[in-house]
Amino acid sequence: MPRKKSRGPPKSSVAMFVVQCKDCYKWRKMLTEEEFEEHRSKQNDDPFVCTKLEGIVCDSPADIEYDSSRPWVMDKPNIPKTPKGFQRVSAMRRDYSKMDVQYVTPDGTKVRSNPGIIAYLKEHPEYSDISPTDFCFTSPKVVRETIPEHIKKKSPCGSVKKQKKV
Ligand SMILES: [Zn+2]
């Protein structure tokens with residue numbers, strides 16, 4: 001079977017994963033993407049609170065302030081945890097208009113849509129315990145107010161940020 005042409009793995013544009021406490025609204029930094037996904041997957045049923053983190057209470061200082069010193073994007077709540085071996089990559093478009101979500105499968109195939117995942121799982125019966133509903137291609141919402149002014153004004157082809165186009 002011909003392999004998909006690939007120029008290396010897609011690069012995530014996300015530098016930091018944070019979740020917000022439902023009681024004090026402070027932002028807490030997650031040590032790993034997995035930890036972030038764990039909280040995100042339960043956001044509606046079991047919203048995050050500071051005390052879920054060891055040694056942290058609502059009175060503890062926030063890890064980061066929500067401001068425009070960096071661009072923020074918000075994931076939709078309750079996105080399922082990425083199945084083991086797969087990777088969910090969100091990459092910011094160069095003009096900061098949108099993020100593109102794709103999954104990288106354990107064999108390095110990049111999948112960009114639900115039909116793509118359905119086809120991939122069909123071709124790979126070894127993942128029969130994984131369902132297409134374990135994947136979510138909804139892109140995080142880019143918070144316009146946090147996009148730096150010079151980028152908002154610039155045309156999409158301005159040299160703004162290094163980003164690999166795939
Ligand atoms: Zn709190």
Side-chain angles (χ1 to χ4, degrees), residues 6-105 108 110-114 117 134-166:
S6 159
R7 269 183 287 163
K11 275 273 271 214
S12 165
S13 310
V14 181
M16 197 188 292
F17 293 98
V18 293
V19 290
Q20 188 175 35
C21 172
K22 80 163 170 57
D23 293 336
C24 69
Y25 304 111
K26 280 179 186 147
W27 292 92
R28 303 287 175 200
K29 195 170 161 179
M30 298 294 111
L31 296 177
T32 62
E33 183 168 4
E34 203 188 343
E35 191 183 1
F36 169 76
E37 286 200 342
E38 171 78 31
H39 293 300
R40 183 184 60 195
S41 68
K42 296 188 291 201
Q43 194 56 36
N44 285 348
D45 310 326
D46 182 18
F48 175 79
V49 284
C50 295
T51 46
K52 285 186 184 232
L53 302 177
E54 216 184 307
I56 301 289
V57 291
C58 284
D59 278 342
S60 314
D63 289 333
I64 183 168
E65 295 296 338
Y66 176 81
D67 62 22
S68 56
S69 61
R70 58 181 72 67
W72 285 67
V73 297
M74 303 287 180
D75 248 328
K76 173 174 101 87
N78 280 36
I79 290 178
K81 275 186 86 170
T82 305
K84 224 177 149 57
F86 290 75
Q87 203 194 343
R88 188 175 192 268
V89 179
S90 323
M92 182 71 90
R93 290 195 182 170
R94 212 193 281 238
D95 61 357
Y96 283 77
S97 61
K98 187 178 188 285
M99 285 193 109
D100 293 304
V101 174
Q102 56 182 315
Y103 283 86
V104 184
T105 69
K110 293 168 206 160
V111 184
R112 295 162 191 277
S113 67
N114 252 94
I117 273 294
D134 292 332
F135 300 84
C136 172
F137 290 89
T138 307
S139 50
K141 196 177 166 310
V142 177
V143 185
R144 289 305 290 170
E145 304 89 76
T146 64
I147 303 304
E149 277 304 318
H150 68 280
I151 292 163
K152 269 192 265 188
K153 281 183 205 137
K154 230 170 187 169
S155 69
C157 38
S159 59
V160 169
K161 212 183 162 194
K162 223 176 26 186
Q163 198 188 64
K164 220 181 257 171
K165 184 103 181 113
V166 279

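Along the sequence shown, the residues carry numbers beginning at 1. On a predicted model such as this, the values are computed, not experimentally measured, just so you know.
Distance CG/Asp134 to CD1/Ile79: 13.0 Å, rounded to 0.5 Å. Rounded to the nearest 0.5 angstrom, Thr138 OG1 and Asp75 CG are separated by 9.0 Å. A distance of 5.0 Å separates NZ of Lys98 from CZ of Arg93, quoted to the nearest 0.5 Å. Once rounded to the nearest 0.5 Å, the distance linking CG of Asn78 with OG of Ser41 reads 7.0 Å. We find the CG-OG distance between Asp100 and Ser13 to be 9.0 Å, quoted to the nearest 0.5 Å. Atoms CD and CH2, from Gln20 and Trp27 in turn, are 4.0 Å apart once rounded to the nearest 0.5 Å.
No side-chain heavy atom of Met74 sits under 4.5 Å from any side-chain heavy atom of Val142. Contact annotation: the side chain of Pro71 approaches that of Tyr96 to within less than 4.5 Å [non-hydrogen atoms, C-beta and beyond]. Annotation: side chain of Lys76 is not in contact with side chain of Pro140 (no heavy-atom distance under 4.5 Å).
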Run Val89 and Ser12 through side-chain contact (heavy atoms from CB on, under 4.5 Å) and show every step you take. CA-CA 5 Å; Val89 179; Ser12 165; 4.0 Å; yes

Pair Met30-Val18, side-chain contact (heavy atoms from CB on, under 4.5 Å): steps then yes or no: CA-CA 6 Å; Met30 298 294 111; Val18 293; over 6 Å; no

If you apply the rule side-chain contact (heavy atoms from CB on, under 4.5 Å), what do you find for Lys141 with Val73, and how did you get there? CA-CA 5 Å; Lys141 196 177 166 310; Val73 297; over 6 Å; no

CA sep, side-chain torsions, deciding dist, call: Cys24, Cys50, side-chain contact (heavy atoms from CB on, under 4.5 Å): CA-CA 8 Å; Cys24 69; Cys50 295; 3.5 Å; yes

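In this structure, Phe36 and Val19 approach most closely via the heavy-atom pair CD1-CG1, 3.8 Å. Across all their heavy atoms, Val111 and Ile117 have their closest contact at CG1-N, 3.4 Å. Closest non-hydrogen pair, Arg144 versus Ser97, comes out as NH1-CA, 4.2 Å.
Within the structure, salt bridge (Lys or Arg N to Asp or Glu O under 4.0 Å) contacts touching residues 15-30 (residues at least two apart or in different chains) do not occur. Residue pairs meeting the salt bridge (Lys or Arg N to Asp or Glu O under 4.0 Å) criterion with at least one partner in residues 46-60, sequence neighbours excluded, are Asp46-Lys52.
In this structure, Thr146 contributes its side chain and Trp72 its backbone to a donor-acceptor pair below 3.5 Å.
The residue from Glu33, Glu35, Glu34 that alone fulfils the side-chain contact (heavy atoms from CB on, under 4.5 Å) condition with Phe17 is Glu33. Under the side-chain contact (heavy atoms from CB on, under 4.5 Å) test applied with Phe48, the options Glu38, Arg40, His39 reduce to a single match, His39.
Applying the side-chain contact (heavy atoms from CB on, under 4.5 Å) test to Thr82 and every residue at least two apart in sequence or in another chain returns Glu37, Phe86, Arg88, Tyr103.
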